Amino acid sequence: MARTAHYRAADTDHASAITVRDDRGVPVTELELPQGGDNQHDIDGELLAAGFSRSADWAKVDDGWVAPVVPAE
């Protein structure tokens, strides 16, 4: 099953967050990043702690960044 991580940076209404979705677009995991955890190393670390790792680079979208993810080994 293909999964995608969607990273959304903090704004005035929301903290930084990552949502992992399955191939149907249904959220599988939602992670709120700690304040100041907006660099790529922190984001990848949070994904790994949740059991996922990126399988390709992040791509820019209108409301943040997306990347395909696979179960971490």
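This structure is a prediction, so every number in the text was calculated from the model and none was measured.
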For this session: I would like to know whether Thr29 and Phe52 meet side-chain contact (heavy atoms from CB on, under 4.5 Å); could you show each step before the answer?
Result: CA-CA 10 Å; Thr29 303; Phe52 300 98; 3.6 Å; yes
For this session: Take Val61 and Asp63 through the test side-chain contact (heavy atoms from CB on, under 4.5 Å) and record every step on the way to the result.
Result: CA-CA 6 Å; Val61 293; Asp63 61 346; 3.6 Å; yes
Exercise. Passes side-chain contact (heavy atoms from CB on, under 4.5 Å), Ser55 versus Val69? Steps please.
Worked result: CA-CA 5 Å; Ser55 59; Val69 293; 5.9 Å; no
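With rounding to the nearest 0.5 angstrom, the CZ atom of Arg21 is 14.0 Å from the CZ atom of Arg3. Atom CG in Leu33 sits 7.5 Å away from atom CG in Asp42 (nearest 0.5 Å).
The minimum heavy-atom distance linking Ser16 with Ala10 is given by the pair OG-N, 3.1 Å. For the residue pair Arg8 and Ala15, the shortest heavy atom distance occurs at NH2-O, 3.0 Å. Scanning both residues, His14 and Asp11, for their nearest heavy atoms gives N-OD1, 2.7 Å.
Residues that satisfy the side chain to side chain contact (heavy atoms under 4.5 Å, CB included) test with Thr4, not counting sequence neighbours, are Val66. Residues that satisfy the side chain to side chain contact (heavy atoms under 4.5 Å, CB included) test with Glu30, not counting sequence neighbours, are Thr19, Pro27. By the side chain to side chain contact (heavy atoms under 4.5 Å, CB included) test, Trp58 is found to be paired with Ala5, Tyr7, Gln40, Ile43, Asp44, Leu47, Arg54, Trp65, Ala67, residues two or more places apart in sequence or in another chain being considered.
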